[in-house]
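The structure appears right after this line, and notes come after that.
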Amino acid sequence: MDSFYNVLTPEQSRLAKQNLYNFDHPNAVDYDLLYKTLKKLKEGKSVTVPIYNFVTHTREEKTTVIYGANVILFEGVLALYDKLIRDMMDVKKTCWMPSMKFADIIITRGLENVIAIDLVTKHIQTQLNENTINLRWGLSDTPVNEHILQQVNVLNETNQVKIIHTILRDHTTKRDEFVFYANRLSVLLMEYAVSLLPYESLAVTTLINTCYSGLKYKKKICGVSILRAGGTLEIGLRRVFHDAILGTLLIQTNPNTGDPELHYCKLPNDLRDHHIILMDALVGTGAAALMAIRVLLDHEVLEDQIIFVSFISTKIGLTVIKNAFPNVQLVTSMIDPGLDKENAWIQPGIGNFGGKKNNKNRYFGTEEEEYE
């Protein structure tokens with residue numbers, strides 16, 4: 001709760017410097033901001049937490065960004081004082097006499113009572129384990145919805161697209177040829193994707209001083225890559241939109257559970273003011289896409305501002321994404337019919353984008369482990 005103290009008036013600040021101001025009184029806490037912050041966290045959204053400066057008794061310009069989680073621990077002497085905040089809690093624990101009447105669990109002797117704290121911790125862990133779903137493997141059993149698939153934007157299967165896919169899927173294709181045609185396909189995908197963006201009228205004056213009634217996109221464009229494979233689509237975006245800004249999400253698959261995990265996030269501060277081109281090379285179960293879209297929504301981006309672009313997708317993965325986020329537009333160059341449920345491999349697929357030849361990634365030309 002220390003982050004949510006009120007900014008003190010000059011008189012209150014003078015008392016605080018003399019150790020005469022009571023920070024343990026409810027009036028010292030900004031409960032309105034605290035409630036809004038905890039509510040957003042419990043909804044799974046990201047929040048901006050203030051940093052309180054106990055020297056100046058003000059809030060610093062710098063803040064801390066926190067993401068929602070399965071378990072939120074909220075601590076403070078006055079944590080159970082406000083009814084709105086109490087009503088949000090699933091378990092209320094205290095060792096402070098005035099708030100004991102509101103508590104579900106009372107731990108005497110505070111932090112010294114190691115046994116009681118250990119019991120509570122194990123209870124929370126047990127509840128989490130019982131409710132844990134192996135997301136990736138569970139998604140692979142999602143029934144395909146053919147009606148939803150009709151809403152997916154798929155490149156027309158022209159001879160050019162078919163030839164490019166043949167080259168990319170051929171395991172004998174050399175790396176320079178693979179990269180060239182992957183980049184070519186990414187341009188075709190981005191041209192399709194940007195054609196879906198909303199626009200508005202714009203009149204300009206030509207060099208011969210006449211008026212031309214044209215168009216412009218309603219918002220700026222931000223491309224967000226799901227690293228590392230999503231970066232293979234950035235060249236296509238840059239060739240279609242030279243001034244598009246880029247953000248990145250590093251989402252890796254947990255080798256034990258198969259679930260996606262967010263390891264890194266770099267996004268512009270004004271993300272919600274952009275149309276988002278979210279990029280990943282392949283969509284198998286759709287697990288990584290679900291997490292990536294969730295992160296964007298946490299940054300107050302609306303579903304209808306997002307266009308998700310991939311080279312190859314499965315019917316299951318596209319169904320999963322559309323079920324969860326019906327207003328996100330999906331663009332892909334081809335839908336593959338199968339998904340190996342044991343390994344979550346797309347069939348006939350292309351391997352982990354580009355696969356490996358002689359232990360090297362065929363797009364990036366590195367020997368590093370590939371991210372999914």
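Everything numeric in this text was worked out from a predicted model, so none of it was measured.
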Inset, instruction - Verify the neighbour count for atom CD of Glu75: are there more than 12 heavy atoms of other residues, nucleotides or ligands below 6.0 Å? - result: no
Inset, instruction - Tell me, yes or no, whether the heavy-atom count around Asn156 atom CG, taken from other residues, nucleotides or ligands under 6.0 Å, exceeds 12. - result: no
Legend entry - Ionic contact status for Asp32 with Lys36, cut-off 4.0 Å: no
Legend entry - Pairwise side-chain contact, Ile316 with Thr285, heavy-atom cut-off 4.5 Å (strictly under): no
Inset, instruction - Could you grab the distance from atom CG of Leu227 to atom CD1 of Ile251, nearest 0.5 Å is fine? - result: 9.0 Å
Inset, instruction - Please work out which of the three classes, parallel, tilted or perpendicular, describes the rings of Tyr52 and His57, given edges at 30° and 60°. - result: tilted
Legend entry - Nearest heavy atoms of Ser333 and His165, plus distance in Å: OG-NE2, 2.9 Å
Inset, instruction - Can you measure from OG1 (Thr63) to CD1 (Ile51) and round to the nearest 0.5 angstrom? - result: 6.5 Å
Inset, instruction - Please say whether more than 12 non-hydrogen atoms of neighbouring residues, nucleotides or ligands are located less than 6.0 Å from CD1 in Ile115. - result: no
Legend entry - Within one Ile-Leu-Val-Met-Phe-Trp-Tyr cluster: Leu189 and Phe180, side-chain cutoff 4.5 Å: yes
Inset, instruction - Can you see which heavy atom on Ala79 is nearest to which on Met1, and at what distance? - result: N-SD, 3.4 Å
Inset, instruction - Flag the pair Phe23 / Asp2 as yes when at least one side-chain heavy-atom distance between them is below 4.5 Å, and no otherwise. - result: no
Inset, instruction - Salt-bridge test for Lys218 and Glu200: reply yes if a basic N is under 4.0 Å from a carboxylate O, no otherwise. - result: no
Inset, instruction - State whether the number of non-hydrogen atoms from other residues, nucleotides or ligands found under 6.0 Å of Asn159 atom CG is greater than 12. - result: no
Legend entry - Within-4.5 Å side-chain heavy-atom neighbours: Leu119 and Lys122: no
Legend entry - Residue pair Ala281 / Thr232: nearest heavy atoms and the distance that separates them: CB-OG1, 4.1 Å
Inset, instruction - Identify the two heavy atoms, one from Leu33 and one from Pro50, that lie closest to each other, and give their separation to 0.1 Å. - result: CD2-CG, 4.1 Å
Inset, instruction - Give the intermediate values and the outcome of ring pair (Phe, Tyr, Trp, His ring centres under 6.0 Å) for residues Tyr5 and Tyr21. - result: CA-CA 12 Å; Tyr5 282 121; Tyr21 184 80; 8.4 Å; no
Legend entry - CG/Asp243: more than 12 non-hydrogen atoms of other groups inside 6.0 Å: yes
Legend entry - Backbone N/O of Gly349 and side chain of Asp336: donor-acceptor pair under 3.5 Å: yes
Inset, instruction - Could you tell me the separation between the CG atom of Asn327 and the CD1 atom of Ile293, rounded to the nearest 0.5 Å? - result: 11.0 Å
Legend entry - Residue pair Leu318 / Ile148: nearest heavy atoms and the distance that separates them: O-CG2, 4.3 Å
Inset, instruction - Would you tell me whether Thr172 and Asp170 have side-chain atoms, one donor and one acceptor, within less than 3.5 Å of each other? - result: yes
Legend entry - Cluster check Leu41, Leu84: I/L/V/M/F/W/Y, side chain < 4.5 angstrom: yes
Legend entry - Distance in Å, Ile346 CD1 paired with Lys315 NZ, rounded so as to fall on 0.5 Å steps: 14.0 Å
Inset, instruction - Give a yes or no on whether Glu146 atom CD has more than 12 heavy-atom contacts from other residues, nucleotides or ligands under 6.0 Å away. - result: yes
Legend entry - Gap between atom CE of Met190 and atom CG of Leu233 - 0.5 Å precision: 4.5 Å
Inset, instruction - Taking atom OH of Tyr199 as the centre, report whether more than 12 heavy atoms of other residues, nucleotides or ligands fall under 6.0 Å from it. - result: no
Legend entry - Heavy-atom check, side chain of Ile307 versus side chain of Val331, under 4.5 Å: yes
Legend entry - Any side-chain heavy-atom pair of Glu303 and Pro326 under 4.5 Å: yes
Inset, instruction - Report yes if some heavy atom in the side chain of Arg59 is under 4.5 Å from a heavy atom in the side chain of Asp30; otherwise report no. - result: yes
Inset, instruction - Could you tell me whether Phe308 and Phe325 have their ring centroids closer than 6.0 angstrom? - result: no
Legend entry - Which atom of Gly223 lies closest to which atom of Leu237, heavy atoms considered: CA-CD2, 3.5 Å
Inset, instruction - Check whether any side-chain heavy atom of Leu78 lies under 4.5 Å from a side-chain heavy atom of Tyr31, and answer yes or no. - result: yes
Legend entry - Gln305-Arg272 side chain donor-acceptor pair, cut-off 3.5 Å: no
Legend entry - Exceeds 12 heavy-atom contacts within 6.0 angstrom, atom OH of Tyr212: no
